[in-house]
Amino acid sequence: LPVSHVLQAASETNAALLGSNEFEKAQILEWTTKVFSPIVESHDLLEQVNELVRSTTFVGQDVDFTLADLLLYARLHETVASLSAKEGYKLNNVCRWFDFIQHQESVVAAATAVGLDTVEIDLNAPKIQRPAIV
Amino acid sequence: MATFKLQIPAVSKESFGFHEALKAAIAVSAFAPKTKVEGAAPCNSVRLTDAKDASKYISDANAIVSYLYWKNTNLTAEKFLSVEHKLLDWDSLNLSPLLIAADAPEKRQIVLTLLDNAIQNFKLDASVTPANVIIFADVYSLINGPEELEPFETLKSFYSKFAAHPFFQKSLNLAIEKTKGQTAEISSEQIPISEE
């Protein structure tokens, strides 16, 4: 039962990772469950997070990252790394969120420890190939 | 204090989306009856949204059930996690994939056996808790009629006791009405079975 274990571990080591109120806690429960769910495809998850972070900095809290951000970062790492420039621009909310999370000091240290490389993300619009004017 | 509205998409009664809508509808009826409920909502799944800030929402039925319960009872999330979360975890990660795939009678029998064992192992009574709401909705959405529960004594007892709660029929009507966008029609098969 991975969700129970990870929530319990977070509550024992850094309770702030579980959110600051009941609504945030429920959001973190939702996204933590989705991270481990065998019926949620990574690309669907990417699109869901893209919608969620359209106008927010973090997944579950206004002021700081939570367990949901950390687990989603780890689950989506491979998927984000495989996006083409065009796909990345289309999913620019989640790419912007991912880039912000992967550069947090504590995340860099944890990612290095488990062998997750920094993903190069270009948030600029892809260049359009225009026909040459003769 | 923030107020929330429950958004329910238009889905067929046989779909997994209806199953999710039923969980949320029971939670609203049991824990937060003043919550505004919108049918045929422009979202892919059931969603509890902050009425003043649409960017804040919960879009998972189990998390919605949990939140409405926490809000209603003032039970701390930490305490809830220690008491009930293992069953929610089991429901989301182990049972849900089986529910989606349980289209044939023999597969339903396997899932019903698992549910019967779970109710015994987790020592569930028919009180109105998030775990019971979620397991009840699982059973309701799985079976074609109460007669399918005859071989499962524990499950049958749990189902009939929970279905006897006065809010259940209201919840069912709400889920049907909001997912169809029309007035509910309840067949005799949906009427809660008695203990005997």
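Owing to the predicted nature of the structure, the values given are computational and were not obtained by experimental measurement. Order of the sequence lines sets the chain letters (A, B, ...), proteins ahead of strands, with each chain counted from 1.
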Asks: Do V80(A) and F100(A) belong to the same hydrophobic cluster, where Ile, Leu, Val, Met, Phe, Trp and Tyr are linked whenever their side-chain heavy atoms lie under 4.5 Å apart, directly or via other members?
Replies: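 In one cluster with V80(A): F100(A), yes.
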
Asks: For F167(B), I'd like to know if atom CZ has over 12 heavy atoms of other residues, nucleotides or ligands within 6.0 Å.
Replies: yes

Asks: Flag yes if F122(B) and L142(B) sit in one hydrophobic cluster, no otherwise; membership is Ile, Leu, Val, Met, Phe, Trp, Tyr, and two members link when side-chain heavy atoms are under 4.5 Å apart.
Replies: yes

Asks: Tell me whether the count of non-hydrogen atoms from other residues, nucleotides or ligands lying under 6.0 Å of CD in E153(B) goes above 12.
Replies: no

Asks: Parallel, tilted or perpendicular: which describes the rings of F23(A) and Y67(B), with under 30° parallel and over 60° perpendicular?
Replies: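 Rings of F23(A) and Y67(B): perpendicular, over 60°.
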
Asks: Are there over 12 heavy-atom neighbours, none belonging to D53(B), within less than 6.0 Å of that residue's CG?
Replies: yes

Asks: Does L172(B) share a hydrophobic cluster with V128(B), counting links as ILVMFWY side-chain heavy atoms below 4.5 Å and allowing steps through other members?
Replies: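 The answer is yes; both residues are in one hydrophobic cluster.
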
Asks: Indicate the atoms forming the closest heavy-atom contact of S92(B) with T33(A), along with that distance.
Replies: CB-CG2, 3.2 Å

Asks: Does a sphere of radius 6.0 Å around CD in E12(A) hold more than 12 heavy atoms from other residues, nucleotides or ligands, not counting ones at 6.0 Å or beyond?
Replies: yes

Asks: Report, in residue-number order, which members of residues 93-101 of chain B are under 4.5 Å from chain A by heavy-atom distance.
Replies: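 Residues L93(B), N94(B), S96(B), P97(B), I100(B) are the ones that qualify, each having a heavy atom under 4.5 Å from chain A.
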
Asks: List the atom of I58(B), the atom of A26(A), and the distance in Å for their closest heavy-atom pair.
Replies: CD1-CB, 3.6 Å

Asks: Less than 4.5 Å to any heavy atom of chain A: does that hold for the side chain of Y57(B), its backbone, both, or neither?
Replies: both

Asks: Identify whether V111(B) and L155(B) are in the same connected component of the hydrophobic contact network (ILVMFWY, side-chain heavy atoms under 4.5 Å).
Replies: yes

Asks: Within a reach of under 6.0 Å around CD of E120(A), are more than 12 heavy atoms found that belong to other residues, nucleotides or ligands?
Replies: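 No.
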
Asks: Got more than 12 heavy atoms from elsewhere within 6.0 Å of CD, Q109(B)?
Replies: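 Yes, CD of Q109(B) has more than 12 neighbouring heavy atoms, counting only those of other groups under 6.0 Å.
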
Asks: Answer with yes or no whether the side chains of S59(B) and K34(A) bring together a donor and an acceptor at under 3.5 Å.
Replies: yes

Asks: Between V53(A), L52(A), N21(A), which has the largest tally of heavy atom pairs under 4.5 Å with chain B?
Replies: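 Winner by heavy-atom pair count: L52(A).
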
Asks: Tell me, side chain or backbone of E24(A) under 4.5 Å from chain B's heavy atoms, or both, or neither?
Replies: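 No part of E24(A) comes within 4.5 Å of chain B.
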
Asks: Salt bridge check, R47(B) against E30(A): does any charged N sit closer than 4.0 Å to a carboxylate O?
Replies: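 Looking at E30(A) and R47(B), the cut-off is not met.
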
Asks: How far does OG1 of T73(B) sit from CD of E22(A), to the nearest 0.5 angstrom?
Replies: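 CD of E22(A) is found 8.5 Å from OG1 of T73(B).
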
Asks: Hey, any chance V119(A) and L116(A) share a hydrophobic cluster, counting ILVMFWY side chains that come within less than 4.5 Å of each other, even indirectly?
Replies: yes

Asks: Let me know if S55(A) has heavy atoms under 4.5 Å from chain B in its side chain, its backbone, both or neither.
Replies: side chain

